Amino acid sequence: MGAEMAPAWMHSQISAEEYDSWSEEQCAGIEIVDGMVVVSPSASKRHNRPARILANALDDAAGPDWNADTDFDIRLQDVPLTNRRPDVAVYRADTLDVTPTRPEHLLLVVEVVSPGSETTDRVVKVSQYAESGIPFYWRIEHPATGVPITYTYILDPAMKAYREGEMFTGAIKASVPFPVTVDLSAV
C-alpha cells in the first residue's frame, strides 16, 4: 500500500474566490494563512469544553446586540487570503447572515491553547487579530492537571497591538463591554 498524497490544493496558494467556492465540510478544520491551507487536528474534549461553556456564557450575557459562537471562519484579509477559526467569537448580531465574517463585525475572539498550538495562539494570532482591529482577545491555558487560566487583552488602536488586561484563574468576571461571569474551574 502506497503513501497517501495530500491534495494539490494543499501545496499552492488559494484565493478568496477559490476558498469561497468550497463546501462547509471542506473548510472545517482548516485555516488559511497567506493563501496556504493549514490543517488543524480535531480538538480534544479538554479543548472544546471550556470554549463551549464560555461561548454559552458570553451569548447569554451579550444581550440582543451581540452573538457568541464557536468554530467559524473570520476573514482577516483577502490578499493573500487569511482566514482564522477562533475557538469562540463574539460578533454583532446584525451580521449573523453576513459572509464572510470580517474583523469589523467582531468584539472578542478567544483561543483555547492546545498542545501544538502554543506559539500560534500566544504570538501569531495575537498579532493578526490586533492588526485586524478586533477590540478584545482572550487566551485560555488549560493545564492537564489544574484549573484553566484566562489571559485577557485589550486593543490599543493607535498601536494596533494588545495590552494586557486581567488574568483569571477558574472564574472569569470581565466586561467586553457587557459584563460576563463564567466559572471554568470545573472543566
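Just so it is clear, the model here is predicted, and its values are computed rather than measured. Heads up: numbering here begins at 1 and tracks the sequence.
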Clusters formed by hydrophobic residues whose side-chain heavy atoms approach within less than 4.5 Å: which one holds Met159, and what are its other members? none
Hydrophobic cluster of Val180, others only, ordered by chain and residue number, side-chain cut-off 4.5 Å: Ile53, Leu54, Leu58, Trp66, Val88, Val90, Leu107, Leu108, Val110, Val112, Phe136, Trp138, Ile140, Ile154, Phe168, Ile172, Val176, Phe178, Val182, Leu184, Val187
Which pair of heavy atoms, one from Pro64 and one from Ala93, lies closest together, and at what distance? O-CB, 3.2 Å
Between Asp20 and Arg75, is there a side-chain N and carboxylate O pair less than 4.0 Å apart? yes
Does Ser114 use its side chain to pair, donor to acceptor, with the backbone of Ser117 at less than 3.5 Å? no
Which pair of non-hydrogen atoms, one from Glu18 and one from Trp22, has the smallest distance, and what is that distance? O-CD1, 3.2 Å
Show every salt bridge (charged side-chain N to carboxylate O under 4.0 Å, His left out) that has at least one partner inside residues 153-162, sequence neighbours left out. none
Apply the hydrophobic cluster definition, ILVMFWY joined by side-chain contacts under 4.5 Å directly or through others, and give me every member besides Val98. none
When rounded to the nearest 0.5 angstrom, what is the spacing between CD in Gln77 and CD1 in Ile32? 12.0 Å
Closest contact, heavy atoms only, Pro179 versus Ala61: O-CB, 3.3 Å
Qualifying residues under salt bridge (charged side-chain N to carboxylate O under 4.0 Å, His left out), relative to Arg84, sequence neighbours excluded: Glu31
Could you grab the distance from atom OG1 of Thr70 to atom CZ of Arg85, nearest 0.5 Å is fine? 9.5 Å
In short, salt bridge (charged side-chain N to carboxylate O under 4.0 Å, His left out) pairs touching residues 137-147 with sequence neighbours left out are Arg122-Glu141, Arg139-Glu141
Linking directly or through intermediates, with side-chain heavy atoms under 4.5 Å: list the remaining ILVMFWY members grouped with Tyr91, chain and number order. Phe72, Ile74, Leu76, Leu96, Leu106, Val109, Val126, Tyr129, Ile134, Tyr137, Ile149, Tyr151, Tyr153, Leu155, Tyr162, Met167
May I have all residue pairs that pass salt bridge (charged side-chain N to carboxylate O under 4.0 Å, His left out) and include part of residues 55-66, sequence neighbours excluded? none
Restricting to non-hydrogen atoms, name the atom on Ala68 and the atom on Ala55 that form the minimum distance, rounded to 0.1 Å. CB-O, 3.4 Å
First locate atom SG of Cys27, then atom CD of Glu25, and finally report the distance between them rounded to the nearest 0.5 Å. 9.0 Å
How would you list, by chain and number, every residue that makes a salt bridge (charged side-chain N to carboxylate O under 4.0 Å, His left out) with Asp94, sequence neighbours excluded? Arg92
Hey, could you give me each pair passing salt bridge (charged side-chain N to carboxylate O under 4.0 Å, His left out) that has a residue in residues 165-185? Not counting sequence neighbours. none
Pair listing, ring pair (Phe, Tyr, Trp, His ring centres under 6.0 Å) test, anchored in residues 93-113, at least two apart: none
Closest contact, heavy atoms only, Ser12 versus Met36: C-SD, 3.6 Å
Please evaluate residues Gln128 and Thr120 with respect to the criterion side-chain contact (heavy atoms from CB on, under 4.5 Å), reporting the C-alpha separation (whole Å), side-chain torsions for both, the decisive distance (0.1 Å), and the verdict. CA-CA 10 Å; Gln128 290 174 336; Thr120 301; over 6 Å; no
Minimal heavy-atom distance between Glu111 and Pro86, with the atoms involved, is OE2-CA, 3.2 Å
Checking Asp69 now: which residues fulfil salt bridge (charged side-chain N to carboxylate O under 4.0 Å, His left out) with it, not counting sequence neighbours? none
